[in-house]
Amino acid sequence: MYEAPRVRFAPSPTGYFHVGGARTALFNWLFAKRFGGVFVLRIEDTDEARNRSEWIDGICSALQWLQITWDEGPYLQSERLDLYARAAQSLFDAGKAYYCDCQRSEIDERVKTAGLPPGYDGFCRDRGLEVAPGRALRFKVPKDGETVVDDLVRGRVAFDNGTIDDFVLVKGNRAPLFVLANVVDDLDMRITHVIRAEEHLPTTPKAILVYEALGQKAPQFAHVPVLVNEKRQKLSKRRDRVAVEDYKEMGFLPEAMENYLVLLGWSPGDDREFLTREQELELFSLDRVGHSPSFFDVTKMLHFNKHYISLLSPEDLLQAALPYLEACDFWDGSTEQRSSFLKLAPEICTRIGLLSEVPSMVDFIYQGQLKFDEAAFSSVASDKGSKDLLERSVEIFSSLDHFGREELEVACRAWAEESGLSLRKLQVPIRVAITGKKIGPPLFSAMEVLGSKACLSRLAELAHMLTEAD
RNA sequence: GGCCCCAUCGUCUAGAGGCCUAGGACAUCACCCUCUCAAGGUGGAGACACGGGUUCAAAUCCCGUUGGGGCUGCCA
């Protein structure tokens, strides 16, 4: 369908990696890979406020984390300035652009007194100004006709040239602006398809005009809908949680985030939601991209995360949870610790939504001095039967030949039977004694992993504490 | 203000004129399962913004209205 397209993802370094950017990058990547094309990474750092190497590293590592790999780049626009300067010069020489020394305030004032709509009034268009410090280079937009964007997702969008101001190509300090650098680079990098957020649609006719002025053919455009917040506004750093890094830190798995993101504005056309990369590659197409903005819904993304976490092998869960474990003072990463973690892993991977929840599920195994959840402790303490239950449990468990989950369960069921208590009721104080909490992995598995010695002493200890409290 | 885009359950979406008394998923509610919590299972509630056309037939096509959003910078 498309022959070896060349696409690019061209983020501007802002100090964090925006989820909307991640989605755009993903669509570009999928499109390129689907048709055997090339994915180029280009950093748009022409604005001096946006060029810091650690920000660029941040973009790269976030992309890598999401498994979005680039074939070329990262190219830095800040290192390609001469290219833009040459293009600007040729535009000026051809009479397609002119220098302007107007200050913003002057323009605003003129426009206001003339009762014109806000924007540039073309004051310098015919003044024949030469290049000089402080003078910006503006593009001479044709007065008549229209510029059409044949958008791959939106169809034909026409703009009246009369509504487009003479925009700035090069700043007074010689720095190129977005439209210029963007066009020059897309040309130089032989980009065939520009897949980007819809917010760029209104500036696309400007870009097309520049391509034409340069005597070149414009690439194909595809504008994908933006991501919005619950108030349906474009996601912004100020008011919304937009950094991919934040979600990584919260404990989202990259595959969960990627899978969630691909479904924002695109669908495979059937009821499938959990998709592998292979399936996405097989199914992705621009004409299945929707036209309306999507709400970035963390709750639904959490659902994907739960799913992918539940699929993790014990080893993979450990690996993924390591950063959270290592932040805990009880974790030393010893072989013993790892092996008991691995034993309990199958029980915890269906019980958490975020990797950051892992420590609270396993901490009881590693704490020398068990930390009790306050509410859990007081609910056990307030129940008069707790102490007897605990003392009795020590007797029962210490007589076991083998301290395994099955034996523990059999013993407890028999005990419940004879005492007339439900298994559910009976396990409450035991669970709190063992794990310090009311919720957690299945009790008998937890006990098996902890081992008989520690279990028995914790049981006795809590019983003792309740005695003292009396 | 001007230009542009958008419009199916609360949310993400399926739907490319009859298959739609509109399907799925998340969230939500109920029930089942159950050693806690999850997971899983079953079921419920829940949408074509409005008004005109076109057509034998419209969620699907056209026009308008309304609503939302984006752009309008010597940011990208």
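Letters A, B, ... mirror the listed sequences (proteins, then strands); counts begin at 1. Only heavy atoms go into these numbers, but all of them, side chains included; no hydrogens, no water, no symmetry mates. Keep in mind that this is a model prediction, so the values were computed, not measured.
Rounded to whole Å, atom P of B:rA76 lies 14 Å from atom CG of A:Asp186. For the pair A:Leu426 CG and B:rU36 C1', the interatomic distance rounds to 13 Å; values are reported in whole Å. A:Leu283 places its CG atom 14 Å from the C1' atom of B:rA14, with the value rounded to the nearest Å. Spacing between atom CZ of A:Phe295 and atom P of B:rU11 amounts to 9 Å, rounded to whole angstrom units. The separation between A:Leu227 atom CG and B:rC6 atom C1' is 15 Å, rounded to whole Å. One atom, CZ of A:Arg405, and another, C1' of B:rU36, lie 16 Å apart when rounded to the nearest Å. As a whole-Å value, the separation of A:Leu201 CG from B:rC5 P is 7 Å. Per the geometry, CD belonging to A:Glu199 stands 16 Å off P belonging to B:rC6, to the nearest Å.
Taking the C1' atoms as reference points, B:rU36 lies 27 Å from B:rG44, given to the whole Å. The separation of B:rC26 from B:rU65, taken at their P atoms, amounts to 40 Å, rounded to a whole angstrom. For the P atoms, the distance linking B:rG69 with B:rC32 amounts to 45 Å, nearest Å. Separation of the C1' atoms belonging to B:rU72 and B:rG15 is 36 Å when rounded to the nearest angstrom. Comparing the same atom, P, in B:rA45 and in B:rG40 gives a spacing of 22 Å after rounding to whole Å. When the P atom is used for both B:rG64 and B:rC5, the distance is 12 Å, rounded to whole Å. Taking atom P in both B:rU11 and B:rG52, the straight-line distance is 26 Å, to the nearest Å. Rounded to whole Å, the C1' atom of B:rU60 lies 15 Å from the corresponding atom of B:rA47.
When the side-chain nitrogen and oxygen atoms of A:Arg104 are compared with OP1 and OP2 of B:rU72, none of them lie within a distance under 4.0 Å. Considering only side-chain N and O atoms, A:Lys234 lies under 4.0 angstrom from the phosphate OP1 or OP2 of B:rC71.
Among the heavy atoms of the strands lying under 4.0 Å from A:Phe178 is at least one base atom, whether or not backbone atoms are also near. As judged by a 4.0 angstrom heavy-atom cut-off over every strand, A:Phe444 is placed among the base-contacting residues. Among the protein residues, A:Gly172 comes within range of the nucleic acid bases, having at least one heavy atom under 4.0 Å from a base atom. Residue contacts for A:Thr203: at a heavy-atom cut-off of 4.0 Å it reaches a base atom on one of the strands shown. Counting non-hydrogen atoms under 4.0 angstrom, A:Pro441 reaches a base of the nucleic acid. Among the atoms of the strands shown, only primed sugar atoms or phosphate atoms (P, OP1, OP2) are found under 4.0 Å from some heavy atom of A:Leu177. Nucleic acid contact for A:Arg232: sugar-phosphate only, since backbone atoms but no base atoms lie under 4.0 Å from a heavy atom of the residue. Residue-level contact check: A:Cys102 touches the bases, meaning some heavy atom is under 4.0 Å from a base atom. Within the 4.0 angstrom heavy-atom criterion, no nucleotide atom of any strand lies near A:His223. Counting non-hydrogen atoms under 4.0 angstrom, A:Pro293 reaches the backbone sugars and phosphates but no base.
A salt bridge links A:Glu280 and A:Arg277; the closest N-O separation between the charged side-chain nitrogens and carboxylate oxygens is under 4.0 Å. Salt bridge annotation for A:Arg8-A:Asp186: present, with a cationic side-chain nitrogen under 4.0 angstrom from a carboxylate oxygen.
Between A:Phe9 and A:Phe39, the two ring planes are parallel [angle under 30°; tilted spans 30° to 60°].
The side-chain contact (heavy atoms from CB on, under 4.5 Å) test applied to A:Ser386 returns A:Val380, A:Asp383, A:Pro429, A:Leu466, not counting sequence neighbours.
Checking B:rC3, B:rU8, B:rA38 against the side-chain heavy atoms of A:Ser292 singles out B:rU8 as nearest. Of the candidates B:rG69, B:rC12, B:rC6, the closest approach to any side-chain atom of A:Leu264 belongs to B:rC12. Minimum atom distance to the side chain of A:Ser12 is reached by B:rA76, of the listed B:rA76, B:rC12, B:rC5. Of the candidate nucleotides B:rC74, B:rU8, B:rG15, B:rC74 has the atom lying nearest to any side-chain atom of A:Lys171. Residue A:Pro117 places its side chain closer to B:rG1 than to any other of B:rG1, B:rU8, B:rA76. Here the side chain of A:Arg351 is nearest to one of B:rA76, B:rG1, B:rU36, namely B:rU36. Residue A:Arg288 has its side chain nearest to B:rA14 when only B:rA14, B:rC4, B:rC75 are considered.
The residue among A:Tyr120 and A:Gln77 whose nearest nucleotide of RNA chain B is located toward the 5' end is A:Tyr120.
By the 4.5 Å heavy-atom criterion applied to side chains, A:Tyr84 and A:Gln77 are counted as neighbours. Looking at heavy atoms from C-beta onward, A:Ser236 lies out of side-chain contact with A:Asn229 at the 4.5 angstrom threshold. When side chains are defined from C-beta on, A:Ile365 does not count as touching A:Phe341, because their heavy atoms never get closer than 4.5 Å. In this structure, A:Arg196 and A:Thr204 have side chains that are in contact, with non-hydrogen atoms separated by less than 4.5 Å. Side-chain contact between A:Met447 and A:Phe397 is present, with at least one heavy-atom pair separated by less than 4.5 Å.
Note that the CG atom of A:Leu318 and the SG atom of A:Cys349 stand 12.5 Å from one another [nearest 0.5 Å].
With ring centers used as reference points, A:Phe252 lies 6.0 Å or more from A:Tyr308.
A cation-pi arrangement, defined by a distance under 6.0 Å to the six-membered ring centre and an angle within 45 degrees of its axis, is present between A:Arg23 and A:Phe27.
Within residues 121-146 of chain A, the residues approaching RNA chain B are A:Gly134, A:Ala136, A:Arg138, by heavy-atom distance under 4.0 Å. Against RNA chain B, the stretch residues 298-310 of chain A makes heavy-atom approaches under 4.0 Å through A:Thr299, A:Lys300, A:His303, A:Lys306. For RNA chain B, the residues of residues 265-273 of chain A within the heavy-atom distance limit of 4.0 Å (strictly under) are A:Gly265, A:Ser267, A:Gly269, A:Asp271, A:Glu273, sorted by number.
Counting only residues at least two apart or on different chains, the salt bridge (charged side-chain N to carboxylate O under 4.0 Å, His left out) pairs with a member in residues 348-357 of chain A are A:Glu347-A:Arg351.
When both pairing distances are held under 3.5 Å, B:rC31 makes a Watson-Crick or G-U pair with B:rG41. The base-pairing partner of B:rA25, taking Watson-Crick or G-U wobble contacts with both distances under 3.5 Å, is B:rU11. Under the Watson-Crick and G-U wobble criteria, each requiring two contacts below 3.5 Å, nucleotide B:rG1 is paired to B:rU72.
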Extract all donor-acceptor atom pairs below 3.5 Å that involve side chains of residues 138-147 of chain A and protein atoms in other chains or at least two apart in sequence.
unit_1   : atom_1 : unit_2   : atom_2 : d
A:Arg138 : NH1    : A:Asp166 : O      : 2.7
A:Glu146 : OE2    : A:Arg156 : NH2    : 3.1
A:Thr147 : OG1    : A:Asn161 : OD1    : 2.6

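With no hydrogens or angles considered, no side-chain donor-acceptor pair links A:Asp297 and A:Tyr260 at under 3.5 Å.
A donor-acceptor contact shorter than 3.5 Å links the side chain of A:His291 to the backbone of A:Val153.
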